[in-house]
Amino acid sequence: SVGRGDLVVAVWIGCGAGSCCGALARADLAAAIPRAGGQYVYLRRAYGPLAGFLWGWTELCVLRSGAIAALAVTFATAFQNSIGQALRSAGWLGTAAATLGADVAAGGGAAGIDGARLLLFGWELPSAWWERGLAIAAIATLTTVNIAGARWGGHVQSVTTVVKAATLLALMALPLLTGAASPSLWGSTLSKPPELGWVAGFAAAMTAAFWAYDGWNNVALISEEVREPQRNVPLALGIGLTILIALYLGVALAYHVVLSVDEVAASSFVARSACERMLGEYGAEIAASAVMVSTFGALNANLLCGPRVIFAMARDRLFWESIGQVHPRFATPHRAILAESSWAIVLILASNLTRLVRVPAWVDHLPAFAAKPLRQSLETMATKATFDVLTDYVIFGSFIFYVLSVAAVFVLRWREPSLPRPYKTFGYPVLPLGFVLVSSAFLLMMLVTSPVESLAGLLFLAAGAMLYATRLRTRE
């Protein structure tokens, strides 16, 4: 998206630094208010019950369910590039599936829906249907596991986390161990400028990087259950993000000394392409399998901790009370888990509606700096990958509340100056204010470059506000 390897690394560093600033501010709140619920608790305390409700509502309709849907689609892609390849080799898949990997990686684009078809035991269906079916099956499987008990979900998480960390470390080391590293590739640039333009290109790159770093807020969800939360939550956030930035930078560098920028841009599955260059065909299959396990773990993590927010809201009577019920046998918040997984499935099925978007006439009447990226964004909707649609949808909604939660540090310092603060955010007020300003600019950039997904998030916010007002009137 940005056209050069050094700019890719700069994006990773910048987004990692921004995430650290947000995490440090969140640690300030977690240490001062060590209650389960995380952002829901902080927003409610700083801005009132409406802000807390809108966070939980957006968590259900946009953030957590969108993340679950995007991860499930990625799992389906990796599954087709690993298990699907094995099935083709065994002759269980027909030759019509030869282009399946590309179609799935492209989110079942127009070509995938109208053209490529998959043959399995004589059944023939468009590849996009198989992609969605696999994604939904993954969600259904992990929903069942997490309803059956948090212990089972924890076991799945432990195994997949080990695989994920080992994969990242292996990707960092393999260019040197195999001798495939070529320093000359580091200085390569795209043979032609990015198709999206520089503004949209940087927005797309930042969205991808922030998506990868997203999750640093989850520690605060369980701060009430952590020993010495005033000390350990800030420590976990700081150490965890530092390790994550180092791993992602190492992998980004590894990709760009093995593949040229043109090859990275052309690949729909960069890890697979890099491993194929270093280890041959078997390396590609190993990479696809590792990504499959890793995304399965991330999907499980979201289903394990995500329902806590709407479950807590239901207990506070800010949501449908039935969502707060616990399973009589397994003692898990089964209805909250079912609510989030069900909506994630709806998002997967509805994600291709963006392909119906057309450029309205009024776009040409906007100022040139806004009209050009907006037109380009709308024109690319017809071929935009399902994963990209879902992640844009999630990141825009997330950052609205990340800005509000970091701003809550200032609000609570003013409103509750006597609140005990065992940890005070580093660099206050410069770093929190910088996060608020830069993130607000990023939101405006996303609104221009990804208008459909951004406006969908805003519409859900408006619907949540109307629902909240209606419920209040009903109670009164």
Side-chain angles (χ1 to χ4, degrees), residues 2 6-34 38-39 42-43 46 63 67 161 164-165 168-169 172 202-203 205-223 226 228-253 298 301 305 391 394-413 421-443 445-446:
V2 294
D6 57 344
L7 292 179
V8 170
V9 171
V11 169
W12 279 110
I13 293 173
C15 292
S19 297
C20 275
C21 291
L24 290 172
R26 183 67 61 82
D28 185 308
L29 297 170
I33 314 169
Q39 196 156 250
Y42 313 144
L43 292 171
L63 311 183
T161 299
K164 183 186 300 184
L168 291 173
L169 291 171
M172 292 168 62
F202 268 99
M206 290 175 67
T207 301
F210 277 130
W211 162 261
Y213 286 121
D214 198 37
W216 48 265
N217 59 311
N218 287 337
V219 176
L221 286 173
I222 57 170
S223 58
V226 175
E228 298 183 57
Q230 291 85 352
R231 172 183 176 274
N232 290 328
V233 170
L235 200 61
L237 285 167
I239 294 175
L241 262 174
T242 301
I243 293 172
L244 201 59
I245 292 170
L247 287 172
Y248 285 161
L249 277 178
V251 171
L253 289 168
C305 67
T391 51
V394 171
I395 291 298
F396 182 82
S398 296
F399 265 79
I400 292 174
F401 288 98
Y402 289 167
V403 168
L404 288 174
S405 64
V406 172
V409 173
F410 296 96
V411 174
L412 291 176
R413 292 270 180 111
R421 292 179 171 84
Y423 168 80
K424 294 185 178 180
T425 183
F426 175 78
Y428 179 88
V430 176
L431 291 184
L433 182 60
F435 178 88
V436 170
L437 294 176
V438 172
S439 297
S440 299
F442 173 65
L443 284 170
M445 189 162 56
M446 280 201 72

Are Phe401 and Leu404 close enough, and set up right, to give a side-chain contact (heavy atoms from CB on, under 4.5 Å), and what steps lead you there? CA-CA 5 Å; Phe401 288 98; Leu404 288 174; 4.1 Å; yes

Steps toward side-chain contact (heavy atoms from CB on, under 4.5 Å) verdict (Leu443, Phe396): CA-CA 6 Å; Leu443 284 170; Phe396 182 82; 3.7 Å; yes

Carefully, step by step, assess Tyr42 and Leu412 under the rule side-chain contact (heavy atoms from CB on, under 4.5 Å). CA-CA 9 Å; Tyr42 313 144; Leu412 291 176; 5.7 Å; no

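Across Ala25 and Val409, no two heavy atoms sit closer than the pair O-CG2, 3.6 Å. Residues Ala407 and Val436 approach most closely at N-CG2, 4.1 Å, considering heavy atoms. Looking at every heavy atom in both residues, Met172 comes nearest to Val251 through CG-N, 3.7 Å. Ser19 and Tyr213 get closest at one heavy-atom pair: OG-CB, 3.6 Å. The shortest non-hydrogen separation linking Ala408 to Ala46 is CB-CB, 3.7 Å.
With rounding to the nearest 0.5 Å, the separation of CZ in Arg413 from CZ in Arg421 is 5.5 Å. Going from atom CG of Leu63 over to atom CD of Gln39 covers 8.5 Å, rounded to the nearest 0.5 Å. In this structure, Ser405 OG and Ile400 CD1 are separated by 12.0 Å, a value rounded to the nearest 0.5 Å. Separating the CG atom in Leu241 from the CG atom in Leu24 is a distance of 8.5 Å, to the nearest 0.5 Å. Here Leu249 contributes atom CG and Leu244 contributes atom CG; the two are 10.0 Å apart, rounded to the nearest 0.5 Å. Atom CG of Leu431 and atom SG of Cys20 lie 10.0 Å apart (nearest 0.5 Å).
Between Arg26 and Val406, every side-chain heavy-atom pair lies at or beyond the 4.5 Å cut-off.
Taking the six-membered ring for Trp, Tyr402 and Phe399 have ring centres closer than 6.0 Å.
Using a distance-only test at 3.5 Å, with no hydrogens or angles considered, no donor-acceptor pair links the side chain of Tyr428 to the main chain of Phe410. Counting only distance, with no hydrogens or angles, the side chain of Tyr248 and the backbone of Ala212 share a donor-acceptor pair below 3.5 Å.
Phe426 CZ: 12 or fewer foreign heavy atoms inside a 6.0 Å radius.
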